[in-house]
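Order of the sequence lines fixes the chain letters, A, B, ..., with proteins taken first and strands second; residue numbering starts at 1 for each chain.
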Amino acid sequence: MDNLILQLKNQIIEVLNLEDMTADDIATDAPLFGEGLGLDSIDALELIVLLEREYGIKLSNPAEGKQIFSSVASIADFVSKNRKK
Amino acid sequence: MTARCFVNSMAQVSCRQPLSDEWFDNPCALTAAYTRAQEPDTKGLIVPSEARRMSKILKRAVATSITALNNSCVEQPDAIITGTGMGCMENSEKFLVDMCRYGENCLKPSLFMQSTHNTISSLIAIILKCHGYNNTYSHKGISFESALLDAFVQIKNGNIGNALVGAHDEVTPFMALVMKRTHPEYTNITETSVSAILSSTETDSNICEITDVNLFHNPEPEFLAGILNKTDDSLLLLGVNGNQLNDTPYMSLLEKLSYSPSTLRYKNIFGDNFSSPALAFYAAATILKQQRIPAPLYCDTSKNYTGKINNITILNHCDNTAWSLIRLKKFDLCGS
């Protein structure tokens, strides 16, 4: 799980162009939207594309997104249970 | 048309020192076939959280726009008018590569939103919270002149009091390869981002006055020579670049003139791309402001201009089909 969390942090930094940030700067349990990283709705769409491309996960129920994308830890948990690649 | 149209401030990003007139004191000629723009320092100009989603051309456009606005007498422009030959090429390329790789169902939204031509003008409007007239002209090598003509006519007619006019083109390495085949007349391929604040207000911070903007489709050399002969323009800034394919139409025109003007060039300093005429506009405005002409800008140093620099006429053509003529005049407060 630790490897997946680190991988996700690096992918989030790359996909969202979080310049001047490293994986160490992202707290695993900190909120990604609003507070914490302060991501917005467009970032949420980018994260959905990230999950589909890298892990073969297609979010069928958009309502789940709010919970899944609440932190890196919750994304890692969802990915580990649903990944197809 | 009664109002006057002044250039109040300008800013450029090119192969030269960005957001600076440093090139004017050190105008060394380009030698490389392809030179990318020098990126501006956007700290203090663009909020980092907004910058992270912007491609190079968007950062350059916002940086020149904000700099020009900060140096001007205008707080909020009445209009934002942009010219771009190819728009956001870098994002368009990435989007198309993604489409080939992942199909149509898994594409990045940021690239989709920021790959259209009018992304630039609309992004500047969003950042400035400007709800006024907003337009983008994408007419290959006369995109800038088309945007300038729109602003010029609207200011002269009194529809608007001022405008932020820009021309922006980025050339990716892939596009440079394509351009070398499709446009062999381009000697030094470069990138351009120029923003200017135009205003009808007479203020001592004005750089120069725009007295004429014209576009011509397929004009005969005799026709253009007739226009120049009427006004006896003594300083011509031409889009020559040392390539015969590009330069012959200019030479044909000069042969038809009834007088012998001093001819200037700018592409040896700033290179070629669809927005490079905006750099001619910027260079001419800088010459009028500084009242001197750097030696490398002369086409023929035996015809150096010695008088007071009151007017400069800029002539450019694209494919010898679309021609543009812009006349700039030295600004004197309460004088004309």
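Between the side chain of A:E46 and the backbone N or O of B:S110, at least one donor-acceptor pair lies under 3.5 Å.
For CG of A:N3, the number of neighbouring non-hydrogen atoms (other residues, nucleotides, ligands) closer than 6.0 Å is 12 at most. Counting non-hydrogen atoms of neighbouring residues, nucleotides and ligands closer than 6.0 angstrom, the NZ atom of A:K81 reaches no more than 12 such neighbours. Within 6.0 Å of NZ in A:K66 there are 12 or fewer heavy atoms belonging to other residues, nucleotides or ligands. Within a 6.0 Å radius of CG in B:N105, no more than 12 heavy atoms belonging to other residues, nucleotides or ligands are found.
The candidate from A:D43, A:L50, A:I48 with the greatest count of non-hydrogen atom pairs under 4.5 Å with chain B is A:D43. When each of B:R101, B:R53, B:M113 is scored by its heavy-atom pairs under 4.5 Å with chain A, the top score falls to B:R53.
Proximity to chain B (any heavy atom under 4.5 Å) is shown, for A:D20, by neither the backbone nor the side chain.
Separating the CG atom in B:L107 from the CD atom in A:E52 is a distance of 9.5 Å, to the nearest 0.5 Å. B:S49 contributes atom OG, which lies 9.0 Å from atom CG of A:D40 (distance to the nearest 0.5 angstrom). The NZ atom of B:K108 sits 11.5 Å away from atom CG of A:L45, with the distance rounded to the nearest 0.5 Å.
Shortest non-hydrogen contact noted between A:I42 and B:P109 is O-CG, 4.2 Å.
By a heavy-atom distance cut of under 4.5 Å, A:V15, A:L16, A:N17 are the residues of residues 4-17 of chain A near chain B, going up by number.
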